[in-house]
There are 2 protein chains.
Amino acid sequence: MTDPSGNLPPVTLDEVARLAGVARSTASRALNGGVASREAIEAVNKAVRQLGFVPNQAARTLARNRTDAVALVIPEDPSRIFFDPVLAMVISRLSVDFWREGLQPLLVLMDPEDLIAKLGSFLNAGNVDGMVVTSFHSNPEVEEVIAASSLPTVFFGRPPRPDSLPYVDIDNVEGGYKATRYLLDKGRRRIACVGGPAGVPSVEDRRQGFMRACADAGVEPGPYLYGSFDPESGINAAAALVADPRVDAVFAQSDAIAVGVLQGLASAGKSVPEDVAVVGFDNTSTATAVLPNLTTVAQPVSEMAGEVASMLLGFLRTRQWGETPRILPTELVVRDSA
Amino acid sequence: MTDPSGNLPPVTLDEVARLAGVARSTASRALNGGVASREAIEAVNKAVRQLGFVPNQAARTLARNRTDAVALVIPEDPSRIFFDPVLAMVISRLSVDFWREGLQPLLVLMDPEDLIAKLGSFLNAGNVDGMVVTSFHSNPEVEEVIAASSLPTVFFGRPPRPDSLPYVDIDNVEGGYKATRYLLDKGRRRIACVGGPAGVPSVEDRRQGFMRACADAGVEPGPYLYGSFDPESGINAAAALVADPRVDAVFAQSDAIAVGVLQGLASAGKSVPEDVAVVGFDNTSTATAVLPNLTTVAQPVSEMAGEVASMLLGFLRTRQWGETPRILPTELVVRDSA
DNA sequence: ATGGGTCGTGGAACCGCTTCCAGACAATAG
DNA sequence: CTATTGTCTGGAAGCGGTTCCACGACCCAT
């Protein structure tokens, strides 16, 4: 079944051809669907099975000038990504989809200094046919290298300079709007918002949605705080917010932040949702791991990743981009915190 | 700086050699530290810079019979891994370490059916020089393929058949013992234990530690329940356990389970830690995302992954294994739940 | 019979790099 | 001054596939 020769000598196409009684070129054609007689194909297939032949990928790459591999570029500080179940989901889905389509995913996740030092060479060494880049945080230097590589690229999340670059994203404005609107509909009148880092596109969009919902309701928006996408930011924010007793709701721009807010409110003696209602964003597993379970805006992360994969695949096959960008809708998941 | 030619023609070593006024072989030697005159090296380096040359990886692989890539094999159902922050950490650390050492990590994470269908070919196609396998769950078919590949392999976690295969793990017996002992020291007298799937090595070891601690204290162990490593198992377990009012502590074999237990106890009206103390395992970020914050057994996951990477690297360089297995200690992190 | 297709095939070139080998040359030893 | 060593070099032969090309066999319509 598998190669019985315990260890060393890998089978080559030459040996297959010899056993099948044909030329190497014929064997190659037989295997790759080129012109070949029925008998040739059968003989070759039999030989392949008998010898446990597997074509050498490097040789193939060299000859075809195509790697059948793609890079998953995660330009984040690796120590940060544990807080981000979204990222885990993205990676997982991309990996599964690419494998299914016969592409090997290379995980480009390294120390930031390594990244700027190595990414350029890596991309230009013909290691991959294309890449997907998660662009939650911007990083000019990395952007630069990516742009210079001229490899087919799809971004997960709107890239900082969306020069009609292909990307998939949710409608963050809508998401922010929905969350805020829900709180307003529940009668909350002074809503604070805790965001991620200033300047990040999704953060600004969610903020815009927040503002717009308040404006539409004729309510003055409560305090808006920038932070980062982790529980600490939430704790800090909560500490600041309780100073204003009129604040009766918080829209946290990620579940991680919301968790921190919850903790901060708890230690300040505020009860959720009675005193303060809290809405998160992302609908990650922590939303249900926390008490009270979090009302949150769900992103269809897996579908998004699926779209990303199919966009890149489509381009690699047809050499042209389909509809881009692709914007997917969000959905408010109501639980106990608001 | 980088290749100015916007797009297509990649620079080859031939062009570098021509520009430097030497033969291709000399250029190769100059770049790879072979014998070469000072002038030759300088001329080549200059040409390289000028042209933005990056050696083609496939050609290198073919010529050297070495890929400088390793596989990260995750034989788990991809939909499951989101519950597992440990896995995210492992992947991240491995990725960072391998990149730092000049090895490209290939993420082998796909649908189970795809895995058994494709893993064999992948491993035998000369895609990688070695691999690391996370072996939380056993899977005979995958085991088989891995064994047949005869690639250098390190396991994260004791593999089902540790035929002196290289692996890194924690002392799970000790971990289980510590958790249980702590509860006993706190005066708890009827301690239940909620484990992962029966038959998994780590689960059985933790169970053994649990049993032994009880025995050492002369206390009869409370109910032992198998489940899986997710919050649902914890909820179910809690539901079952509250039937016995004497149960005053639960040792959950993962934080995810513990979170479920916490919820289950809460909805049964039990307070933690007053009525029932809870100890988790893993010390993942959910341990602090939940209220009360979880007392839990910490595994040095990142260090473990680091060990794994260095073991594989060591073998690839020296062609022999160092000390194996490597067993790292656990540590009890005391918080609020017990 | 003869000319013009297909179809299938083997040989050879090629992808871009590394490495073996033999030769050129200079420096040192005899 | 030759013999011996040593350093550096270019040419050529790989690595293991794919693909171009020319050629022979075959079938059909002329």
Side-chain angles (χ1 to χ4, degrees), chain A residues 3 8-45 47-48 51-69 102 104 121-129, chain B residues 3 8-45 47-48 51-69 102 121-122 124-129:
Chain A
D3 183 355
L8 281 172
V11 184
T12 74
L13 186 55
D14 264 317
E15 309 177 39
V16 170
R18 201 170 311 131
L19 180 57
V22 299
R24 180 159 43 123
S25 50
T26 303
S28 176
R29 269 176 259 127
L31 285 177
N32 298 304
V35 281
S37 64
R38 191 161 230 53
E39 311 106 55
I41 295 181
E42 276 165 11
V44 170
N45 282 336
V48 164
L51 298 174
F53 169 75
V54 176
N56 179 290
Q57 185 60 37
R60 249 196 182 167
T61 295
L62 196 54
R64 295 215 254 222
N65 195 28
R66 171 160 60 93
T67 63
D68 293 321
Q104 302 168 5
S121 307
F122 171 74
L123 295 176
N124 290 321
N127 283 293
V128 293
D129 296 334
Chain B
D3 182 357
L8 281 173
V11 184
T12 73
L13 186 56
D14 264 315
E15 308 176 40
V16 171
R18 202 171 308 130
L19 180 58
V22 299
R24 179 162 37 125
S25 47
T26 303
S28 175
R29 268 175 259 128
L31 285 177
N32 298 305
V35 281
S37 65
R38 190 159 229 57
E39 309 105 57
I41 295 182
E42 275 165 11
V44 169
N45 282 336
V48 164
L51 298 174
F53 168 76
V54 176
N56 179 289
Q57 185 61 38
R60 251 195 180 168
T61 295
L62 198 53
R64 291 190 177 165
N65 194 29
R66 171 158 62 94
T67 62
D68 293 321
S121 307
F122 171 74
N124 290 320
N127 283 294
V128 293
D129 296 333

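Residue numbers begin at 1 in each chain, while the letters A, B, ... track the order of the sequences.
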Any donor-acceptor pair under 3.5 Å from B/Asn127 side chain to B/Phe122 backbone =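 Yes: the side chain of B/Asn127 pairs with the backbone of B/Phe122.
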Is a side-chain N or O of A/Thr67 found less than 3.5 angstrom from the main chain of A/Thr61, in a donor-acceptor match?
-> no
List in chain and number order the residues that pass salt bridge (Lys or Arg N to Asp or Glu O under 4.0 Å) with B/Arg64, two or more places apart in sequence or in another chain; answer none if no residue qualifies.
->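 If we apply the salt bridge (Lys or Arg N to Asp or Glu O under 4.0 Å) test to B/Arg64, skipping adjacent residues, the hits are B/Asp68.
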How close or far is atom P of D/dG17 from atom CG of B/Asn124, stated in whole angstroms?
->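 Whole-Å distance recorded here is 12 Å.
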A/Glu39 CD to C/dC7 P, straight-line distance once rounded to whole Å =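 Between P of C/dC7 and CD of A/Glu39: 15 Å.
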Residue pairs passing the salt bridge (charged side-chain N to carboxylate O under 4.0 Å, His left out) test where at least one lies in residues 10-33 of chain A, sequence neighbours excluded =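 Qualifying pairs: A/Asp14-A/Arg24.
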Looking only at non-hydrogen atoms, find the nearest pair between B/Phe53 and B/Leu13 and report the distance.
-> CE1-N, 3.4 Å
Protein proximity profile, nucleotides 13-21 of chain C - base contact B, sugar-phosphate-only contact S, no contact -, cut-off 4.0 Å on heavy atoms | --BBBBBB-
